Amino acid sequence: MSTAKATPPQLPKGTRDFYPEDMRIQTFIFDAWKRISLRFGYEEYEGPIFEHLELFTGKSGDEIVSQLYNFEDKGGRGLALRPEMTPTLARLVIQRGNAIRKPFKWFSIPRLFRYERAQKGRLREFFQLNLDVLGTESIYAEADLITATATMLLEFGLKPTDFMIGISSRKLLAAYLQEIGTPTPDLVYPILDRRLKIGPDAFAQALLDAGLSTEQGQKLNLLMSSKSLEEVKKIVSGSDSIEAIQEMEDLFEILTAAGLSECIGLDLNIVRGLAYYTGIVFEVFNKGASMRAIAGGGRYDSLCEKLGGARVPGVGFGMGDVVLADLLRDHNLLPAQSQTLDVFVATFTGDIKKTFVIANAFRKLGFNVVHPLSAIKFGKQMELANAQGAACVVYVDGEKAAEGEFEFKDLAKGTMAVGSLQKIAEYLKK
RNA sequence: GUGAGUGUAGCUCAGUUGGUUAGAGUCCCAGAUUGUGAUUCUGGAUGUCGUCGGUUCGAGCCCGAUCACUCACCCCA
């Protein structure tokens, strides 16, 4: 036997362990996500956790490789752990093609991987709720997604004043870029996205570098600073721009009808980095000191087409578990959840075998039950019953045990009673 | 990839100008008492002081390197 001590195993960078107490929080969040998704009529789907590398590079370019976990399998195939769900969704949709009745609403809670430096709210492995409405260009698709998002945040206990859903339109930006004669629109989006971050001077310079004139830059700056659609209307004039504005007006009207006027607003600074967005884009921020984006999404009418399928318009959004959990923790909205059981089967005499048998009898009736695994003192059994959140303790060897009746105690009320297995079951079901 | 900060028990942290065998609370375990729970009392276990090297008679403390974590930048699907 070697005397050298093995190096203790270490958690990989950017990953998390989920001990039972962490898992309860995770489950609490996932349950709410699922509950609201189902309430809005979304159906759950899943895909493989790794895909062909090309599925991701095809959409975002080769530079994305440095930001994801890719590897070659034993057959020499280039694969990657999925960094996002949308390409997988597009693949699923393309494969079924016309066989899917449209429009349709799907959701998923994928585990995603990104090879990047971990920091607050960003890890290398995380989960993200994805909601997508596909097969329709109706603005009610956007409205549906945004309403579902808001409903979830409210369901978690956040107030309408705790967050802000900023709404913008890639269609409007694209139309205006064309209207003022921008030579290289694709180079301009990332600059627009960073406008507030880099400041007016750097913004102007970046636009010049992208081939725009000073006048074009000033026009763009004016548009981006607009605080209302009324202001925007005074700036734009093209028919495509007018159409984009009309679309946003409709959306605001619908969301106001949904009672969300408090937490929605125009924010043209939201551009989002992805090249595939074609219409409305939106982001949800928490209104605190940090102003972190907790969710974001937009319309991508040509994604499936670009990936080699038929044209299937769609709009989707994602909400990560890390930022959300941070946010809920800050607002003290993560309930302290402990283990819960229906029954703890105890023994006065150390008859573990009998507790085992009775525990299984209760389990057959559908209850969550444990019993001591070895002969431990009675006081310790009660302690365990409490620690494990048992609603009720059933004593297998009380005075009437010979007649098939057991004493049982309601731990919440502190009351005692005697009854048959069936009678106790009825009591528990109340 | 760049910069800053922090590393002492499972967790939260003390640890004096460098000085004997590194502490507390919590948690965990055991014992006592309880034929009917959360209490109380007693006891116990756990540390390469992140790691390696240097200075020193002597380093948890000073210096260097390294690793990890955290935060920010870059990026953000």
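Heavy-atom basis, side chains included; hydrogens, waters and symmetry copies ignored. If you're wondering where the values come from, they're calculated on a predicted model, not measured in any experiment.
- Comparing Leu11(A) and Tyr277(A) along RNA chain B, the residue whose closest nucleotide (by nearest heavy atom) sits nearer the 5' end is Leu11(A).
- Here the two rings, on Tyr45(A) and Phe107(A), have centers that are 6.0 Å apart or farther.
- Side-chain proximity of Lys13(A) to the nucleotides rA72(B), rU36(B), rC69(B) is greatest for rC69(B).
- We find that CZ of Arg272(A) is positioned 9 Å from C1' of rC76(B), with the value rounded to whole Å.
- A donor-acceptor contact under 3.5 Å links the side chain of Arg122(A) to the base of rC75(B).
- What separates CG of Asp410(A) from P of rU36(B) is a distance of 18 Å, to the nearest Å.
- Residue-level contact check: Gly414(A) touches the bases, meaning some heavy atom is under 4.0 Å from a base atom.
- Among rC71(B), rA30(B), rU36(B), the nucleotide with an atom closest to any side-chain atom of Phe378(A) is rU36(B).
- In this structure, of rU70(B), rA38(B), rA30(B), it is rA30(B) that holds the atom nearest to the side chain of Lys380(A).
- A gap of 30 Å separates the P atoms of rC13(B) and rU2(B), to the nearest Å.
- Between the P atom of rA77(B) and the CG atom of Leu303(A) lies a distance of 14 Å, rounded to the nearest Å.
- Taking every side-chain heavy atom of Gln67(A) into account, rA77(B) is the closest of rA77(B), rG37(B), rA32(B).
- Nucleic acid contact for Gly296(A): none, since no nucleic acid atom lies under 4.0 Å from a heavy atom of the residue.
- A distance of about 35 Å separates the P atoms of rC69(B) and rA30(B), rounded to the whole Å.
- Within the structure, the ring-ring contact (aromatic ring centres under 6.0 Å, His included) test picks out the following pairs touching residues 295-327 of chain A (sequence neighbours left out): Tyr276(A)-Tyr300(A).
- Rounded to whole angstrom, the span from the CD atom of Glu383(A) across to the P atom of rA32(B) amounts to 14 Å.
- With hydrogens and angles ignored, a donor-acceptor pair under 3.5 angstrom links the side chain of Arg117(A) to the base of rU2(B).
- Ile94(A) is not listed as a side-chain neighbour of Arg91(A), based on a closest heavy-atom distance of 4.5 Å or more.
- Using a 4.0 Å heavy-atom criterion, one finds that Gln119(A) contacts the bases of the nucleic acid, with or without backbone contacts as well.
- Going from the C1' atom of rA45(B) to that of rG31(B) covers 14 Å, rounded to whole Å.
- Residue Asp193(A) is classed as having no contact, given no heavy-atom separation below 4.0 Å to the nucleic acid.
- Of all nucleotides listed (rA32(B), rA77(B), rG37(B)), rA32(B) comes nearest to the side chain of Lys377(A).
- Atom C1' of rC52(B) sits at a distance of 23 Å from the matching atom of rC57(B), rounded to the whole Å.
- Following rounding to the nearest Å, Glu283(A) (CD) and rA77(B) (C1') show an atom-to-atom distance of 12 Å.
- Between rA65(B) and rG47(B), the distance separating the two C1' atoms is 24 Å to the nearest Å.
- Here Arg114(A) lies in heavy-atom contact (under 4.0 Å) with a base.
- In this structure, Gly14(A) and Leu68(A) both approach RNA chain B, and ranking their closest nucleotides by distance from the 5' end singles out Gly14(A).
- Using a 3.5 Å distance cut-off with no hydrogens or angles, the side chains of Gln26(A) and Asp22(A) do not pair a donor with an acceptor.
- Nucleotides rA24(B) and rG64(B) have their C1' atoms positioned 33 Å apart, rounded to a whole Å.
- Summarising the geometry, the separation between CZ on Arg16(A) and P on rA68(B) is reported as 20 Å, rounded to the nearest angstrom.
- Here the P atom of nucleotide rA77(B) and the CZ atom of Phe282(A) are 13 Å apart, to the nearest Å.
- Nucleotides rU6(B) and rC62(B) are separated by 11 Å at their P atoms, to the nearest Å.
- Distance noted for atom P between rG19(B) and rC61(B): 11 Å (whole Å).
- Across the protein-nucleic acid pair, Lys120(A) atom NZ and rC75(B) atom C1' stand 19 Å apart, rounded to whole Å.
- The closest side-chain donor-acceptor pair between Asp397(A) and Thr347(A) falls under 3.5 angstrom.
- No side-chain donor-acceptor contact under 3.5 Å links Tyr42(A) and Asp132(A).
- Residues Tyr189(A) and Tyr277(A) place their aromatic rings such that the two centres sit no closer than 6.0 Å.
- Of all heavy-atom pairs between His371(A) and Ala359(A), the closest is CD2-CB, 3.9 Å.
- Ser108(A) and Glu44(A) form no side-chain donor-acceptor contact under 3.5 Å, judged by distance and modelled atom types alone.
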Its dot-bracket string being built from Watson-Crick and G-U pairs below 3.5 Å, with | for another strand and [ ] for crossing, RNA chain B has the pattern (((((((..((((.....[...)))).(((((.......))))).....(((((..]....))))))))))))....

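- Using a 4.0 Å heavy-atom cutoff across all strands shown, Met85(A) reaches no nucleic acid atom at all.
- In this structure, Arg82(A) reaches neither bases nor backbone, as no heavy-atom distance under 4.0 Å exists between it and the strands shown.
- Side-chain contact of Arg363(A) with Asn368(A): a donor-acceptor pair under 3.5 Å is absent, judged by distance alone.
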